[in-house]
Amino acid sequence: MKTAFFAACVASAAAFAPSTKPAFGTSLAGKQDFLEAEPYWDQSTVPVNVYKNKAPFTGKVVSTKRIVGPKATGETCHIIIDHNGDFPYWEGQSWGVIPPGVREKDGKPHSVRLYSIASSRYGDDMTGKTGSLCVRRATYWCPELKAEDPAKKGICSNFLCDTKPGDEIQMTGPAGKVMLIPEENPNTDLIMVATGTGIAPYRGFIRRLFFEDTPAANAYKGTAWLFMGVANSDALLYDDELQEVKKKFPNNFRLDYALSREQENKKGGKMYVQDKVEEYADEIFTKLDNGAHIYFCGLKGMMPGIQDMLKSVAESKKIDYEEWVKELKAKKQWHVEVY
Ligand code: FAD
């Protein structure tokens with residue numbers, strides 16, 4: 001069943017990223033099993049910091065595409081980078097990018113910026129030779145000018161969003177092991193909470209568990225539940241892919257959006273991601289009691305609202321919130337990557 005879906009996904013991946021590779025349907029015909037550990041869930045060989053600042057890897061841009069609608073707040077791009085199979089990574093890891101040029105203040109090279117990898121280890125073209133980033137262009141709104149001040153725009157995100165096919169990117173990593181998928185128990189429920197580009201690692205998870213013919217996908221029996229918060233429907237990311245997964249795997253994939261400028265929470269305020277999670281708080285607490293893993297990724301500012309909400313739910317259930325979180329952390333069920 002998953003194999004049939006895989007074939008459909010190859011076609012849809014081709015439609016999603018038309019400029020990726022001519023290889024769709026040919027080199028993609030096989031299984032995605034050639035980049036696996038032995039056994040596939042064993043995380044002891046996850047690569048970390050293979051390429052460092054002093055000797056970075058040079059990746060090549062395959063394509064850079066704006067992936068939000070005209071009414072989105074800001075611009076987000078999906079960037080596919082060719083690493084020729086020489087820069088392997090696992091789902092949930094990040095790559096570092098060193099933007100070209102030097103800092104204005106001291107003439108030193110720019111420092112590295114981290115970006116969560118938004119593809120599975122096999123890449124969007126499933127060859128194992130590419131990886132994707134989901135980058136929001138950082139702009140600076142000047143209150144005095146009442147306009148964007150280009151002199152203060154974000155260095156690395158603008159560099160990445162302006163790249164063209166063939167451009168070279170200096171990269172480090174892969175970084176991080178906090179956002180890996182616990183694959184040893186294929187019944188584990190995954191609760192993934194994102195704001196904006198925080199969806200990036202989850203896209204990698206979802207492709208691995210539902211799009212690809214991986215050992216992890218074939219074994220997976222749990223429920224992966226994505227909560228995604230953005231400003232409006234034009235700012236949704238990867239919605240077409242997610243809807244396909246939801247349609248095909250209604251028992252294993254759930255998707256809930258919080259659109260702060262289009263929906264109201266139950267108190268009549270803006271619908272933020274924590275309000276959407278709160279709607280299902282009983283179910284989520286039960287899942288966590290039963291061993292689910294919960295992930296948070298996106299802007300730092302998302303965490304206080306989420307923690308306040310979880311705390312108030314815990315109090316209503318006469319649960320000691322601090323102890324509850326401590327226990328989840330001790331059991332490695334609590335994963336946070338915010339920036
Ligand atoms: P910088 O040049 O570092 O500037 C930072 C901010 O300051 C910008 O908003 C800029 O407009 C503003 N600024 C610049 N000059 C001034 C000034 N003079 N006065 C006032 N403000 C000024 N980002 C993503 O988009 N996608 C991801 O998947 C992602 N994953 C991440 C994962 C991790 C683990 C971490 C730590 C971060 C991640 N980030 C991600 C954030 C990313 O690393 C960068 O921080 C982000 O892209 C901004 O970098 P920049 O170089 O564009 O901006």
Side-chain angles (χ1 to χ4, degrees), residues 46 48-49 53 56 59 61 64-68 72-81 89-120 123-124 131-163 169-180 192-207 226 228-231 235-238 295-303 335-339:
V46 174
V48 179
N49 296 329
N53 285 16
V61 173
T64 300
K65 198 170 158 192
R66 179 187 164 108
I67 52 166
V68 287
T73 45
E75 180 171 37
T76 302
C77 294
H78 184 75
I79 302 157
I80 302 176
I81 300 168
Y89 57 88
W90 282 41
E91 299 74 19
Q93 291 195 290
S94 302
W95 268 336
V97 173
I98 307 170
V102 292
R103 300 196 294 213
E104 205 172 289
K105 63 174 183 187
D106 56 11
K108 291 193 174 155
H110 288 298
S111 54
V112 67
R113 271 73 161 177
L114 289 173
Y115 293 91
S116 307
I117 301 172
S119 51
S120 82
D124 292 352
S132 306
L133 301 179
C134 174
V135 180
R136 183 186 163 98
R137 189 188 284 279
T139 53
Y140 181 78
W141 179 262
C142 176
E144 281 126 51
L145 295 173
K146 292 199 172 52
E148 274 175 14
D149 182 349
K152 294 179 181 170
K153 66 186 184 184
I155 303 284
C156 195
S157 58
N158 280 271
F159 159 68
L160 286 169
C161 290
D162 289 336
T163 52
I169 301 185
Q170 300 303 307
M171 302 165 71
T172 64
K177 286 172 92 169
V178 286
M179 298 291 282
L180 300 176
M192 304 168 281
V193 185
T195 56
T197 55
I199 197 172
Y202 310 141
R203 179 175 183 265
F205 294 10
I206 292 163
R207 292 184 72 84
L226 175 64
M228 168 72 176
V230 288
L236 286 171
L237 300 168
Y238 309 111
Y295 294 78
F296 304 96
C297 190
L299 291 180
K300 249 188 217 119
M302 72 190 273
M303 285 315 284
H335 309 255
V336 182
E337 190 151 274
V338 290
Y339 41 84

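All figures in this text were calculated on a predicted structure; none of them were measured in a lab. When reading the values below, keep in mind they use all heavy atoms of this one structure, side chains included, and skip hydrogens, waters and symmetry mates. For ligands, and for the atoms within them, numbers begin at 1 and follow the listed sequence.
Close contacts between ligand 1 and T139 involve ligand atoms 11 (O) [criterion: under 4.0 Å to a heavy atom]. Distances below 4.0 Å separate heavy atoms of K153 from the following atoms of ligand 1: 11 (O).
Ranking the protein heavy atoms by distance from atom 30 (N) of ligand 1 puts S116 N, 3.1 Å first. For atom 4 (O) of ligand 1, the nearest non-hydrogen atom of the protein is G154 CA, 4.0 Å. For atom 9 (O) of ligand 1, the closest non-hydrogen atom of the protein is A138 CB, 3.6 Å. With hydrogens left out, the protein atom closest to atom 41 (C) of ligand 1 is Y339 CD1, 3.6 Å, a heavy atom. Ranking protein heavy atoms by distance to atom 2 (O) of ligand 1, first place goes to I155 N, 2.9 Å. In this structure, atom 52 (O) of ligand 1 lies nearest to the protein heavy atom S157 OG, 2.5 Å. Looking only at heavy atoms of the protein, atom 26 (N) of ligand 1 is closest to C134 O, 2.8 Å.
Nearest to atom 39 (N) of ligand 1 by heavy atom, out of L114, L299, L133, is L114. Here the shortest heavy-atom distance to atom 44 (C) of ligand 1, taken over Y140, W141, Y115, F159, belongs to Y115. With distances taken over non-hydrogen atoms, the option nearest atom 14 (C) of ligand 1 out of K152, R136, R113 is K152.
Between V97 and C156 the shortest heavy-atom distance is CG1-SG, 3.6 Å. Closest heavy-atom contact between M228 and G196: CE-O, 3.4 Å. Shown here for A118 and Y238, the closest heavy-atom pair between the two residues is CB-OH, 4.0 Å. Scanning both residues, I199 and A194, for their nearest heavy atoms gives N-CB, 3.6 Å.
With hydrogens and angles disregarded, a donor-acceptor distance shorter than 3.5 Å links the side chain of H335 to the backbone of V178. In this structure a side-chain-to-backbone donor-acceptor pair under 3.5 Å is present from T195 to L299.
Of the residues L160, T76, N158, the one that meets the side-chain contact (heavy atoms from CB on, under 4.5 Å) test with R137 is N158.
Between atom NZ of residue K152 and atom OG1 of residue T139 there is a gap of 13.0 Å, rounded to the nearest 0.5 Å.
In the model, Y202 has no side-chain atom that pairs as donor or acceptor with a side-chain atom of S116 under 3.5 Å.
Annotation: C156 places an N or O atom under 3.5 Å from an N or O atom of ligand 1; distance criterion only.
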